[in-house]
K.L.:
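Mind having a look at this structure? Questions to follow.
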Amino acid sequence: MQGGVPGIRVVPRNDAPLRRDGEFVLYWMIASRRTRWNFGLERAVELANRLEQPLLVLEPLRADYPWASDRFHRFVLDGMRANRDACVRAGVTYHPYLEPAVDAGKGLLASLARHAGAIVTDDTPGFFQRRMVAAAAERIPVRLEAVDGDGIVPLRAPGKVFARAFDFRRHVSPRLPEFLAETPLPDPLGALAGKRRARVPDDVLAAWPAADDDLLEGRTGLGALPIDHSVGVIPVTGGARAAAGLLDTFLEERLADYGAERNRIAATSQLSAHLHFGHVSAHEIVARATANRPWDMLDKEPATDDPVPPGPRTFLDQLITWRELGRNYCHHVPDADRYETLPGWARQTLAEHARDERPHVYSRADFEEARTHDSLWNAAQRQLRREGRIENYLRMLWGKKILHWSASPESAFATMVALNDRYALDGRDPNSYSGIGWVCGRFDRAWGPERPVFGKIRYMTSANTRRKLRLAEYLERFGDPEPGRLPLESGT
DNA sequence: ATCGGCTCGCGCAA
DNA sequence: TGCGCGAAGCCGAT
């Protein structure tokens, strides 16, 4: 491997030096929560080899990140268990830190930094990580680098935002071979030269002990933590091992028909949450879905013997064009979760229709409790609460109807963000804000004829959705309980 | 099931 | 300035 981690992905966060007398190189794992196909970890290994120091992997989970709840904590803890096992196998010291109380973790990084030769962390757009890293960088007397490792397109490559997917596709397409030539090592821990193991310093162990195995394994509940217990655990396992299983199943059973079946219930990869928490790498997915063959992103109708046929192409367009369009947008517009960031034409047409009479007006609580007149909409909301996700197509309808039935477009946008952030496993992700933004016109075009409330914003109806999808089973699971019968599950 | 018409902002070539 | 083009739209006709 000649190149190593591409320079465009490595972002120095302070001017402090590397320290030859460090006891270890620290990888502060905050977004790419995996040990494979991970540029950040790979960079930490490079520095450890250069400084001839062992590697220490710190994976923390704070108690006070926005929307912290049993649901997200459990998913991340599943991931920590998988990473612990992978590090044990590789002979690398892994320190999982679970913050037992708000601010209990304060000082942990600074204390480790006093012993470190260098610190490497993850660079990710949106949410709180960049602010956290910037705050830490000021107090750290050793080099701190953030590595942009979760996209095929480096965040700093395009250098501008794109109004539409087509523009992004056209921009990326000719550069794709160049980007794909720079792939992270599948097994960066295998490239670690020294066999010496890092030791977590005693003062650190005393103040910030490793998370209990019972918590990682799920034998202990999360009731003692100061997080939101009303958003419950869902029966989806987080972590790199679970993600690998989902990916295998998807590639074997659903990728080939992805184009045609995409809107069917459960035809998707189901990897969105794992991508959000960094439990799987986009590079690995692309490598496996294409068998490392090139394809032309702009070619809609490839020859029938094309090595990357239509199903995989459609999936790759989701994974690269749409996912990275949103990541690129949030890189440049960190407050993409605010209404004011919608495109001008969309805000204008929504403003012109702000006083239109709504057929129904619901409060955020009505939406949250699935108390609308529309049983299909209620079902989608129940799926969000119980499973932390909404089926592909229904997710769009869910948003369009919140726009339709809210007192104002601004409050509709805020309701969508709040409910999705709170309940969706992949909430708080750039892609979530893309989806919500798309409901209100972002990355989309104006559509006629102009309609009440929506104006030129693309319109969707529950009636058409019921015709388009086979929903009997879905409504059986999530639909309104029959009058006089208590629901089996109240929903979390 | 599939089709055309509805309709329009954008980025780019000119 | 004109033109090609577009994540899932809807509606009515066949």
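Numbered from 1 within each chain, the chains take letters A, B, ... in sequence-line order.
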K.L.:
When you check the gap from the basic side-chain N to the acidic O, do A/R175 and A/E178 get nearer than 4.0 Å?
P.N.:
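Salt bridge flag = yes for A/E178 with A/R175.
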K.L.:
Work out how far the C1' atom of C/dA7 is from that of B/dC12, and round it to whole angstrom.
P.N.:
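Between the two C1' atoms, the distance is 22 Å.
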K.L.:
Cation over ring, A/R169 on A/F162, under 6.0 Å and within 45°?
P.N.:
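No.
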K.L.:
According to ring pair (Phe, Tyr, Trp, His ring centres under 6.0 Å), who are the partners of A/Y65, at least two apart in sequence or on a separate chain?
P.N.:
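For A/Y65 the ring pair (Phe, Tyr, Trp, His ring centres under 6.0 Å) partners, ignoring immediate neighbours, are A/H73.
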K.L.:
Within 45° of the axis and under 6.0 Å from the centre of the six-membered ring of A/Y459, does NZ or CZ of A/K401 qualify?
P.N.:
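So A/K401 does make the cation-pi contact.
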K.L.:
To the nearest Å, how far apart are A/R467 CZ and C/dA8 P?
P.N.:
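Rounding to the nearest Å, CZ of A/R467 and P of C/dA8 are 18 Å apart.
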K.L.:
Sequence neighbours excluded, which residues qualify as ring pair (Phe, Tyr, Trp, His ring centres under 6.0 Å) partners of A/F443?
P.N.:
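Applying ring pair (Phe, Tyr, Trp, His ring centres under 6.0 Å) to A/F443 gives A/Y329.
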K.L.:
Which residues within residues 426-454 of chain A lie with some heavy atom under 4.0 Å of an atom in DNA chain B?
P.N.:
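Output list: A/R445, A/A446, A/G448.
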K.L.:
Can you name the side chain to side chain contact (heavy atoms under 4.5 Å, CB included) partners of A/P309, sequence neighbours left out?
P.N.:
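Side chain to side chain contact (heavy atoms under 4.5 Å, CB included) check on A/P309 returns A/P312.
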K.L.:
Figure out the CZ/C1' separation between A/F166 and C/dA7, and round it to whole Å.
P.N.:
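A/F166 atom CZ is separated from C/dA7 atom C1' by 14 Å.
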K.L.:
Need two values: the first and the last nucleotide of DNA chain B, 5' to 3', having an atom under 4.0 Å from any heavy-atom of chain A.
P.N.:
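Result: B/dC6 to B/dC12.
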K.L.:
Quickly work out the A/R169 CZ to C/dG6 C1' distance and round it to whole Å.
P.N.:
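Atom-to-atom, A/R169 to C/dG6, this comes out as 9 Å.
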K.L.:
Identify every side-chain donor-acceptor pair in residues 78-86 of chain A under 3.5 Å, counting partners at least two apart or on other chains, and give the distances.
P.N.:
unit_1 : atom_1 : unit_2 : atom_2 : d
A/D78  : OD1    : A/R74  : NE     : 3.1
A/D78  : OD1    : A/R74  : NH2    : 3.0
A/D78  : OD2    : A/G238 : N      : 3.0
A/N83  : ND2    : A/R33  : O      : 3.3
A/N83  : ND2    : A/E59  : OE1    : 3.0
A/N83  : ND2    : A/G79  : O      : 3.3
A/R84  : NH1    : A/D213 : OD1    : 2.7
A/R84  : NH1    : A/E217 : OE2    : 3.2
A/R84  : NH2    : A/E217 : OE2    : 2.6
A/D85  : OD2    : A/R241 : NH1    : 3.4
A/D85  : OD2    : A/R241 : NH2    : 3.3

K.L.:
What does the 5'-to-3' dot-bracket notation of DNA chain C look like when only Watson-Crick and G-U wobble pairs under 3.5 Å count, and pairs to other strands show as |?
P.N.:
||||||..||||||
K.L.:
A/D317 near the nucleic acid: base, sugar-phosphate alone, or nothing, with a heavy-atom cut-off under 4.0 Å?
P.N.:
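Result for A/D317 = nothing.
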K.L.:
Going by ring pair (Phe, Tyr, Trp, His ring centres under 6.0 Å), name the residues that satisfy it together with A/H331, two or more places apart in sequence or in a different chain.
P.N.:
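For A/H331 there are no ring pair (Phe, Tyr, Trp, His ring centres under 6.0 Å) partners, ignoring immediate neighbours.
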K.L.:
Answer yes when A/D228 and A/R422 have at least one side-chain N-carboxylate O distance shorter than 4.0 Å, and no when they do not.
P.N.:
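A salt bridge links A/D228 with A/R422.
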K.L.:
Which whole-number value in Å describes the distance from A/N392 CG to C/dA8 P?
P.N.:
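That distance rounds to 13 Å.
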K.L.:
Which residues satisfy the side chain to side chain contact (heavy atoms under 4.5 Å, CB included) test with A/D426, sequence neighbours excluded?
P.N.:
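Once residues adjacent in sequence are excluded, the partners of A/D426 under the side chain to side chain contact (heavy atoms under 4.5 Å, CB included) criterion are A/S272, A/H276, A/R395, A/A424, A/S432.
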K.L.:
Rounded to the Å, how far apart are A/R164 CZ and C/dG6 P?
P.N.:
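Spelled out: CZ on A/R164 to P on C/dG6 is 11 Å.
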K.L.:
Nearest-Å distance, CD (A/Q318) to C1' (C/dA7)?
P.N.:
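Value for this atom pair: 7 Å.
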K.L.:
Of all residues at least two apart in sequence or in a different chain, which pass the salt bridge (Lys or Arg N to Asp or Glu O under 4.0 Å) check with A/D122?
P.N.:
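A/D122: no salt bridge (Lys or Arg N to Asp or Glu O under 4.0 Å) contacts found.
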K.L.:
What residues in residues 306-313 of chain A put a non-hydrogen atom under 4.0 Å from any atom of DNA chain C?
P.N.:
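Going residue by residue through residues 306-313 of chain A, none turns out to have a heavy atom under 4.0 Å of DNA chain C.
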K.L.:
When you check the gap from the basic side-chain N to the acidic O, do A/R382 and A/D480 get nearer than 4.0 Å?
P.N.:
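Result for this pair is yes, salt bridge flagged.
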K.L.:
Under the ring pair (Phe, Tyr, Trp, His ring centres under 6.0 Å) test, which residues partner A/H353, sequence neighbours left out?
P.N.:
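With sequence neighbours excluded, A/H353 shows a ring pair (Phe, Tyr, Trp, His ring centres under 6.0 Å) to no residue whatsoever.
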K.L.:
For B/dG11 versus C/dA8, give the span between their C1' atoms, rounded off to a whole number of Å.
P.N.:
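Nearest-Å result for B/dG11 against C/dA8 at atom C1': 23 Å.
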K.L.:
Would you classify A/K456 as touching base, sugar-phosphate or nothing, given that sugar-phosphate means primed atoms plus P, OP1 and OP2, and contacts are heavy atoms under 4.0 Å?
P.N.:
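A/K456: backbone/sugar contact only, no base atoms under 4.0 Å.
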K.L.:
Pair A/W377, A/F367 - check ring-ring contact (aromatic ring centres under 6.0 Å, His included), show working.
P.N.:
CA-CA 9 Å; A/W377 192 91; A/F367 286 121; 5.2 Å; yes
